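For reference, the structure is listed below as structure tokens.
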There are 2 protein chains.
Amino acid sequence: MTVSTRQNLLDIAARHMRSRGYAAFSYGDLAAECGIRKASVHHHFPTKEALGLAVLDAHQEKFSARLQAITDDAADLRERLTAYGALFREGSGDGLLPLCGALAAERDALPQAMRDKAAGLLRVQLDWLTDVLAQGGVAHAARSAMALLVALEGGAIVGWGLSGVASGHPFDDLVAELCASLCAGAKGSHHRISH
Amino acid sequence: MTVSTRQNLLDIAARHMRSRGYAAFSYGDLAAECGIRKASVHHHFPTKEALGLAVLDAHQEKFSARLQAITDDAADLRERLTAYGALFREGSGDGLLPLCGALAAERDALPQAMRDKAAGLLRVQLDWLTDVLAQGGVAHAARSAMALLVALEGGAIVGWGLSGVASGHPFDDLVAELCASLCAGAKGSHHRISH
DNA sequence: GACAGGCTACCTACCAGTAGGTAGACAAGT
DNA sequence: ACTTGTCTACCTACTGGTAGGTAGCCTGTC
């Protein structure tokens, strides 16, 4: 009905991966939450690795589309960075970690194919950010892109680790500040940042 | 002999938690690596939660001592921040994630007591950093401390996720830069940061 | 319109392996 | 004698995965 069982499973699995980690959920959990039997989950995703890869693929696809939309809709650097930040932390409101960050934390326990795909996802974001910054006239675009991504991922992790149900993200200011400073510096070779 | 079995188990468990995650290693793994039987691991740590808490306690103790040593030995702000950065990423050379960051990623799958202790550990670091920055004359010490911690945790995660066996940490520069900018700003109300 | 064939989505029942955990014996050190 | 550290041997619950089957829905063909 509403949505396909397959899509439902993908959503549930993604949620688990972003709050408990890949190793900490089972086909049994998925089946129970979805209201079907374990074997039926295997019907849709023969192995857990296949499921993990499918989650990453779906995420990749959705994320790329969103990035493209930002590039298309937002003409100005500040606007693009703001939209990116919003997109990035979109799930955090639901208490979810960014998928790549969550997976990175258990990298050595992941199947190789998943490691590679997750790394690829990070690279895509980094490349997109670098392009946006470079087009916006920011010097050292690659380095600044890394700074931004690191702040977002790190902020999500630290905020997530600190807060049981804590207030908003104590690092939102930081990211906003970093964006502002990047925009401010877009036309010169250096710029200010207030503290 | 050499070191106590208990300490050996703690070290092995910490290594697993920082590379695979808490959910992804078992008493069987520990026993095999330590050269004893599973039941003997239970003799030292009756439950997995007790083991996890002991790892966190040991980490806490060691870390606090190191922080105290930095406060004692390094008089100057820049020196202290440099020492902190070095301490923080000390294990990264061995391909390990910071303990708190790694645990944060699977927070919802952890026993409540471990969640709390991990959050406490983060808080300790944040408070220490805030003190150091405030004493160093940095304005908005709390916010800057958060920026630093976020950069370090995020950098570790992103670097870890990106690199199979990649080069050094692509974010080391960023952290050094952030430290430098904080030091530079220590006497004024604002400062420059180069890009 | 009936009917076969194939397909999707699900089921029950099972597998071998492993999870965390327990009970009780033994040997060595004090 | 008591404690400490380890052992063998076991438990129950659950893991990812498989075998084999069923009910319903298309599609084509007569």
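Below, chain A is the first sequence line, B the second, and so on; all start at residue 1. Being a predicted model, the structure only gives us computed values, none of them experimental.
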4.5 Å side-chain heavy-atom contact, A:Val55 and A:Phe45: no
Is there a side-chain contact between A:His44 and the phosphate of C:dC10, meaning an N or O under 4.0 Å from OP1 or OP2? yes
Taking atom C1' of D:dG16 as reference, at what distance in whole Å does atom NE2 of A:His16 sit? 16 Å
Spacing of A:Leu9 atom CG relative to C:dA9 atom P, expressed in whole Å: 11 Å
Would you please confirm or rule out a distance under 4.0 Å between OP1 or OP2 of D:dT6 and any side-chain N or O of B:Thr5? yes
Looking only at side-chain atoms of B:Ala39, point me to the closest of C:dC10, C:dG20, C:dA23. C:dA23
May I ask you to check whether B:Gln7 and B:Asp11 show a side-chain donor-acceptor distance below 3.5 Å? yes
Can you find a donor-acceptor N/O pair under 3.5 angstrom joining the side chain of A:Lys48 to the base of D:dG17? no
How many whole angstroms separate atom CZ of A:Arg37 from atom C1' of D:dT22? 15 Å
Across the strands shown, which category fits A:Phe25 at heavy-atom distances under 4.0 angstrom: base, sugar-phosphate, nothing? sugar-phosphate
Over how many whole Å does the gap from A:His43 atom NE2 to C:dA9 atom C1' extend? 5 Å
Let me know the distance between NZ of A:Lys38 and C1' of C:dA9, rounded to the nearest Å. 18 Å
Establish, from distance only, whether the side-chain atoms of A:Trp128 and A:Thr71 form a donor-acceptor pair under 3.5 Å. yes
Round to a whole Å and report the spacing from NE2 of A:His42 to P of D:dG20. 17 Å
If you check the A:Ser26 side chain, which of D:dT15, D:dT6, C:dG21 turns out closest? D:dT15
Is a side-chain donor-acceptor pair under 3.5 Å present for A:Gln125 with A:Tyr84? yes
